[in-house]
Amino acid sequence: MAVQIRVEVNGTTYEREVEPRLLLVHWLRDELGLTGTNVGCETSLCGACTVLVDGRAVKSCTQLAVQADGSSITTIEGLQQNGELHPLQQAFWDQHGLQCGYCTPGMILAAADLLAQNPRPSEAEIRAALKGNVCRCTGYHNIVKAVRQAAEQMGGG
Amino acid sequence: MFPARFDYHRATTVDDALRLLGEHPGAKLLAGGHSLIPMMKLRLAMPEVLIDVGRVSELKGIEREEGKIYVGALTTHAELAASEVLAAHCPILAEAASKIADPAVRNKGTIGGNVAHADPASDLPAVLVATGAVIHLKGRRQRQVKAADFFTGLLATDLGEDEILTRIEIPDLHGRSGHAGSAYLKYEHPASGYAICGAAAVVKKNADGTCAAASLALNGVSATPFDAARVCRELIGAPLDDAVIRQAVNDHLHVGDPLSDVYASGLYRAELAKVYGRRALRLARDRAR
Ligand SMILES: Cc1cc2nc3c(=O)[nH]c(=O)nc-3n(C[C@H](O)[C@H](O)[C@H](O)COP(=O)(O)OP(=O)(O)OC[C@H]3O[C@@H](n4cnc5c(N)ncnc54)[C@H](O)[C@@H]3O)c2cc1C
Ligand code: FES
Ligand code: FES
């Protein structure tokens, strides 16, 4: 069985047939070539696969592509505007919020959801918002600093 | 890791979903997918047909009518946590939802899926038992089941294969009959956030500060939510000081057949139940007016 879906990804609308069991993360990576979204644990725990679906952070390894029909998705590739890094991307760079970078796309999109809901988060709120995103390298401190920098630059702070 | 093959149908209304369930015996409903999809990826579940109810708008939303709150089955944990109606009239449900896993899980997971899945480590079942909630089901006919009777075993409920959980009815805790205090506390698994022990308490005080009514239920410690009714019977009419609560819990909160796994032994869970039960009762008492 194949199902027709229509999904906007990073501003472009795609109409495709998908097998119902295809996970959203594999559709993004394998069919659209958007390999910025990583697969870590495959068990909904690490957050490496986090993308925004209609503005909210979700784990794309725990969602079927067919469930995303009609929605609008932002992946890490969609954050930059005309070659300018998004303030969160710039802040992760400035604050050394990454080492290997594997967790980074998911971290940044989880942080983007937070800042959309709460433009002036406290440190505790940032840590709570990133609870579902695991980083094996940084020890999190610089990630928190990066989110604070981005919040300031985006006018919340 | 991906699920075994299945056919996919998207329901537009509750009746449409019921028709599809009738046409496809053994089909599974899909709500937020945050319990079902992980099970399907592990091939612990291999339904041949999924019926996606994720867009059935009549299953969404939170309303208040005449002393009751009605929560649609598809309401997400994030929506519960942010609800003004719940903050004002049943804060314990919002409190418990805000403690589920992490924001991304809360954006997808729904109260209906959580309750229908009946994972003993979930956070919402004990809250529904402690508040005296009623589960509304629709199949060939509509019926209502008390939360205390709904959970029948490990991952098992009274929900029939041809039924849909439509909404959950919860009494207004801050209604005309006074301002009950309520609290949900949990000792969580550090990775998944699931409850190793979660305690939901509701306490009503008399004008003189003695206990008018109390309920306490626990998640994570037994196959179904553990209803500590014996503790609460002991508290009625008593002054609610710390020592009285401690005594009632020590004497009467005995989890007979506690769950045991690699994370926590049964003995440890039974102890946690006392500690968290006590703390939840105290916090609920402090919040009661
Ligand atoms: C990483 C992770 C951590 C989690 N941590 C927690 C936690 O700390 N606490 C907690 O409580 N939960 C936790 N959960 C579970 C989460 O809350 C789930 O979302 C929830 O248990 C299921 O809701 P769902 O909408 O995703 O249901 P689904 O997965 O879509 O469905 C679950 C089951 O319920 C059935 N069902 C769904 N809706 C209905 C309906 N309306 N009528 C009848 N049957 C229905 C389905 O057929 C299926 O059998 C966690 C999940 C993950 C992935
Ligand atoms: S790969 Fe999705 S949460 Fe880890
Ligand atoms: S930078 Fe390596 S996992 Fe986070």
Side-chain angles (χ1 to χ4, degrees), chain A residues 1-5 18-27 30 39 41-71 106-107 109-114 116-118 121 125-134, chain B residues 1-12 24 27-55 74 76-79 81-82 98-110 113 188-194:
Chain A
M1 181 185 204
V3 179
Q4 183 80 20
I5 60 169
V18 296
E19 208 192 332
R21 65 169 166 169
L22 184 68
L23 298 169
L24 180 59
V25 69
H26 296 308
W27 188 64
D30 305 343
V39 180
C41 65
E42 294 192 74
T43 52
S44 333
L45 289 170
C46 76
C49 64
T50 306
V51 300
L52 300 180
V53 177
D54 294 328
R56 301 306 300 266
V58 303
K59 297 179 184 185
S60 61
C61 74
T62 312
Q63 190 174 347
L64 304 170
V66 284
Q67 286 176 286
D69 184 20
S71 58
M107 279 294 174
L109 291 163
D113 183 0
L114 167 69
Q117 313 285 324
N118 178 2
E125 286 169 334
I126 295 170
R127 288 185 186 272
L130 299 179
K131 190 177 167 201
N133 295 76
V134 176
Chain B
M1 245 172 23
F2 46 89
R5 278 203 180 79
F6 57 85
D7 283 347
Y8 174 87
H9 298 279
R10 187 178 294 149
T12 51
H24 303 282
K28 275 268 173 202
L29 298 174
L30 175 70
H34 269 48
S35 289
L36 186 54
I37 295 174
M39 299 255 292
M40 289 172 67
K41 284 165 69 177
L42 294 168
R43 312 278 169 121
L44 293 172
M46 290 192 274
E48 282 172 17
V49 175
L50 278 195
I51 299 166
D52 188 352
V53 293
R55 294 167 195 223
L74 267 188
T76 63
H77 307 323
E79 287 162 351
S98 75
K99 291 181 178 172
I100 291 177
D102 58 61
V105 170
R106 296 197 290 271
N107 283 340
K108 289 298 293 180
T110 68
E188 66 178 47
H189 183 280
S192 70
Y194 273 110

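Lettering of chains follows the sequences in order, A, B, ..., and the numbering in each one begins at 1.
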Q. Say you draw a straight line from CE of B:Met39 to NE2 of B:His34; how long is it, rounded to the nearest 0.5 Å?
A.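 Going from CE on B:Met39 over to NE2 on B:His34, the span is 14.5 Å.
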
Q. What's the spacing between B:Leu74 CG and B:Arg55 CZ if we round to 0.5 Å?
A.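 Result: 11.5 Å between the selected atoms.
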
Selection from [options] maximising heavy-atom pairs under 4.5 Å formed with chain B:
options                             : result
A:Gly70, A:Ala128, A:Cys61, A:Cys46 : A:Cys61
A:Gln67, A:Arg21, A:Met1, A:Lys131  : A:Arg21
A:Val58, A:Val66, A:Leu114, A:Leu22 : A:Val66

At a 4.5 Å cut-off on heavy atoms, which part of [X] comes close to chain A: side chain, backbone, both, or neither?
X       : answer
B:Ala82 : neither
B:Asp52 : side chain
B:Leu42 : neither
B:Leu36 : neither

Q: Enumerate the residue pairs fulfilling salt bridge (charged side-chain N to carboxylate O under 4.0 Å, His left out) with a member in residues 47-61 of chain A, sequence neighbours excluded, ordered by first and then second residue.
A: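 Those involving residues 47-61 of chain A are A:Arg56-A:Asp113, A:Lys59-B:Asp102.
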
Q | B:Leu29, B:Leu30, B:Asp7 screened by side chain to side chain contact (heavy atoms under 4.5 Å, CB included) with B:Ile51, the one that passes | A | B:Leu29

Q) Is there a donor-acceptor pair under 3.5 Å between the side chain of A:Asn133 and the backbone N or O of A:Gly47? A)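 The answer is yes, because a donor-acceptor pair under 3.5 Å joins these two groups.
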
Atom group of [X] that falls short of 4.5 Å from chain B, counting heavy atoms:
X       : value
A:Val3  : side chain
A:Leu64 : both
A:Thr62 : both
A:Glu19 : side chain

Q.
Set out, in order, the CA-CA distance, both residues' side-chain angles and the distance that settles side chain to side chain contact (heavy atoms under 4.5 Å, CB included) for B:Met40 and B:Lys28, then state yes or no.
A. CA-CA 11 Å; B:Met40 289 172 67; B:Lys28 275 268 173 202; over 6 Å; no

Q.
Taking salt bridge (charged side-chain N to carboxylate O under 4.0 Å, His left out) as the definition, give me every residue that meets it alongside A:Asp69, ordered by chain and number, with sequence neighbours left out.
A. B:Arg10

Q: Compare every heavy atom of A:Leu23 with every heavy atom of B:Ile37, then report the nearest pair and how far apart it is.
A: CG2-CD2, 4.2 Å

